[in-house]
**Student:** 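Provided herewith is a single structure, encoded as structure tokens, for subsequent inquiry.
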Amino acid sequence: MSYFTDEDVARLLALPRPDTIAMVDLDEDTRKAIDNRVIALAALIEGEPISRVSKLYGLHRKTCKRMLALVNDPASNGGVHGFAVCIPRLRLVDPEPVKKSTPLLKRPHAMTRLVNSLPELKASLVKFKGPLPSRRQTSPAFNRLCEEMKRILSRAGIGEDDYPLNTRDGGRRALATFIERLRFRAAELQMMFVVGPTLSKWTELSTLEPFDESQVDGHYIDLKEQWCAVPLSDGTHRLTRVSGLMLLAELDVASRACMGWTVIVDEAYSQFDFLRTLKRALMPWCPRDLTGRQMQYLPNAWMPSAIDGPPPRGLRISVDNYSSHLAKHAKQALAQVRLGVYRFGHAGIPETRPHIEAFFKSIEVQVLRYLAGGFEPETKLREEQRVSAQNSKAHPIFLHLMEDMLDIVFSTYNVTAHDGLQGRSPREVIEAYLSNGGMPLRSSRTTEDVRDLGRFSVRVTIRGGKGELPHVTFGYGTYRSEKLSTRPDLVGKTFNGYIAEDARFLHLLDANGQPYLELKTLPPYALTPHSLDERRRAHRWRKSRGQRWNGIADLIDAFHAEVRDAARHLRWAADDVASGRIPKIKAPEPARSGAARTLEGFAPRGGVVSLRRR
């Protein structure tokens, strides 16, 4: 005789069973009794008759009936009782109140009566996993639960004059006590069961070695009212207020070593900043020239790219789902150039990338918050704390000096003992790994990969015909060349290509990926070197200026001049100038002599000219 369906039998037999070995407070007889009941219940679930199981395992018939009746009943934790019915003297079901109707006044067990009379409310309480409020900390999740309880009570016809809304706190204390009692009982019951091993993290699949995985992320540096010094053409600087400073870094998970970093002046970073950070990790590192500075490197300062041979790279890259990471060009560069597996997580969940979050926290606490304007942001437990007493306007950021300082900081961090590495430094971990025969991913094409990370891959079609020379239109620019002008047969064909750091040149590739044609953009984008991003911003600026920008020979240089002028009152313009994305004003050409100027306007003498003195 079967008491359950085949699906129910398989589901119930797969439930965890009491771990009598972990129950240290039990005597030997009770352990044997629990194990005996577990075997008996499994036989009952499989369809054995109650009389036979009772006689075979020495259990009372009522005990067998009770276990069979409760095994599939809902439990307070949202599941079923399962094999918990095999534990003697364990209260699984609360005693039913004498009155089962909805209570009207505050009485003992009133909240239990209310929850039992409203299944929708009980399901919400079982599903609630947020923290409960305390004297020192509020709980927004619990506040939302209270609002949900009010909506459930309103749908059930319970008004403001009924329990629990008629109490002084609206039933918040009684609700929190009820949830705490549910959790205590569930935790007490959970300690009695065997929990099978589960694999839910990358680190549980294997032991990570250096360069198996790297994490890349950005961090907004905690500085108040940040000012930067913008370099001028005469060697002086002008103070401008900027949006802030962001730090991008790539960290090796196993060794905690900082592999590469970039600091930018902006409130966000682009896919090009992201790729620049990866590019920096593949470039050989050497100490900077600090002549005339009061800063200096440690004698053993070190970065992973200083290892002999091609710099190693991570097999797997972990990032969040920020838009700059999901950009088409960035994903293509990761797959084709970086030669690694990349994994995307959710932004705002530091547990998915704990190592780089801890790295940023360590650098902030030990270094960055001591810059002028440094502070500790407000948390749930404490208010905002000012760390640096210096005024940021009186002590502005010089970006080139800050980059020198950060290079010293990260090269020092890599040789400093780390608590997560048993007191070893990241350098010691990596050198021990290499000395023991470790083989990180390296490539003889690292130089080409560094170059390709700065290239923007494109796919374009040749246009032209009907009296129009063959050309390519891309990124608000028109590209031509003398060789292309004589090839009308290429009109309509599609080519793969790339644009390097100077967007004035577009390189087309043949079917084998070899260079085929080099095209150059036409005016007004043909004179000043620029990037694609600069051209897009110059085009938007031109559209906002209307007719007065028509007829300008070099829009890039004009855009640079306007941004430098707008840096006094526009924050984004100050960011561009301070970060160096907009170049300095060109120094004026040296004045010519007065003698040369006296000959201006005269035509050269015609006929035969003899320079021999007579």
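Hydrogens, waters and symmetry mates play no part in the numbers below; they use all other heavy atoms, side chains included.
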**Student:** Among Ile397, Val265, Leu371, Ile221, exactly one meets side chain to side chain contact (heavy atoms under 4.5 Å, CB included) together with Gln226. Which residue is that?
**Tutor:** Ile397
**Student:** Does Leu208 reach the side chain of Arg316, with side-chain heavy atoms less than 4.5 Å apart?
**Tutor:**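 Yes, side chains in contact.
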**Student:** Closest heavy-atom contact between Ala268 and Ile264?
**Tutor:** O-CD1, 3.5 Å
**Student:** What's the shortest heavy-atom distance between Pro396 and Leu239, and which atoms?
**Tutor:** CG-CD2, 3.4 Å
**Student:** Do Trp541 and Leu555 have side chains that approach each other closer than 4.5 Å (heavy atoms only, starting at C-beta)?
**Tutor:** no
**Student:** So do His560 and Glu534 actually touch side chain to side chain, heavy atoms under 4.5 Å?
**Tutor:**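 In contact.
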**Student:** Restricting to pairs with a member in residues 405-431, which pass ring-ring contact (aromatic ring centres under 6.0 Å, His included), not counting sequence neighbours?
**Tutor:**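 As it turns out, the ring-ring contact (aromatic ring centres under 6.0 Å, His included) pairs with a partner in residues 405-431, which skip direct neighbours, are Trp261-Phe410, Phe359-Phe410, Phe359-Tyr413.
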**Student:** Do Ile430 and Ile307 have side chains that approach each other closer than 4.5 Å (heavy atoms only, starting at C-beta)?
**Tutor:** yes
**Student:** Would Arg581 and Ser579 count as having a side-chain donor-acceptor pair, cut-off 3.5 Å?
**Tutor:**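 Distance-only check passes for Arg581 and Ser579.
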**Student:** Going by the salt bridge (Lys or Arg N to Asp or Glu O under 4.0 Å) test, name the single residue among Arg442, Lys279, Arg313 that passes it with Asp449.
**Tutor:** Arg313
**Student:** Between His507 and Tyr479, does the ring-ring contact (aromatic ring centres under 6.0 Å, His included) criterion hold? Intermediate values first, please.
**Tutor:** CA-CA 10 Å; His507 302 267; Tyr479 292 87; 9.8 Å; no
**Student:** Is the backbone of Gln514 close enough, under 3.5 Å, to the side chain of Asn512 for a donor and an acceptor to pair up by distance?
**Tutor:** no
**Student:** Do Glu250 and Thr277 meet the criterion of a side-chain donor-acceptor pair at a distance under 3.5 Å?
**Tutor:**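 No, no side-chain donor-acceptor pair sits under 3.5 Å.
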**Student:** For residues Ser362 and Gln366, is any side-chain donor paired with an opposing acceptor at under 3.5 Å?
**Tutor:** yes
**Student:** Within the structure provided, determine whether Leu517 and Phe495 are in side-chain contact (heavy-atom separation under 4.5 Å).
**Tutor:** no
**Student:** Please tell me whether Ser324 and Ser270 have a donor and an acceptor in their side chains that are separated by less than 3.5 angstrom.
**Tutor:**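 Result is no, nothing qualifies.
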**Student:** With a 4.5 Å cut-off on side-chain heavy atoms, are Thr352 and His346 touching?
**Tutor:**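 No. Closest side-chain heavy atoms not under 4.5 Å.
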**Student:** Answer yes when Glu213 and Arg343 have at least one side-chain N-carboxylate O distance shorter than 4.0 Å, and no when they do not.
**Tutor:** yes
**Student:** Who are the side chain to side chain contact (heavy atoms under 4.5 Å, CB included) partners of His569, not counting sequence neighbours?
**Tutor:**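 By the side chain to side chain contact (heavy atoms under 4.5 Å, CB included) rule, His569 matches Ala566.
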**Student:** Tell me yes or no: between the side chains of Thr291 and Asp289, is some donor less than 3.5 Å from an acceptor?
**Tutor:**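 Their side chains do contain a donor-acceptor pair, which is all the 3.5 Å distance test asks for.
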**Student:** If you apply the rule ring-ring contact (aromatic ring centres under 6.0 Å, His included), what do you find for Tyr525 with Tyr476, and how did you get there?
**Tutor:** CA-CA 9 Å; Tyr525 300 112; Tyr476 308 112; 8.2 Å; no
**Student:** Output yes when Arg571 and Asp575 qualify as a salt bridge under the 4.0 Å nitrogen-oxygen rule, no when they do not.
**Tutor:**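 Result for this pair is no, no salt bridge flagged.
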**Student:** Would His325 and Phe344 count as a ring-ring contact (aromatic ring centres under 6.0 Å, His included) here? Give the steps.
**Tutor:** CA-CA 8 Å; His325 305 154; Phe344 294 103; 7.3 Å; no
**Student:** Are Phe211 and Leu315 packed together at the side-chain level, in the sense that at least one heavy-atom pair is separated by less than 4.5 angstrom?
**Tutor:**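 Heavy-atom side-chain distance check fails, nothing below 4.5 Å.
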**Student:** Under a 4.0 Å threshold between the charged nitrogen and the carboxylate oxygen, would Arg455 count as salt-bridged to Asp452?
**Tutor:**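 Between Arg455 and Asp452 there is a salt bridge, with a charged N closer than 4.0 Å to a carboxylate O.
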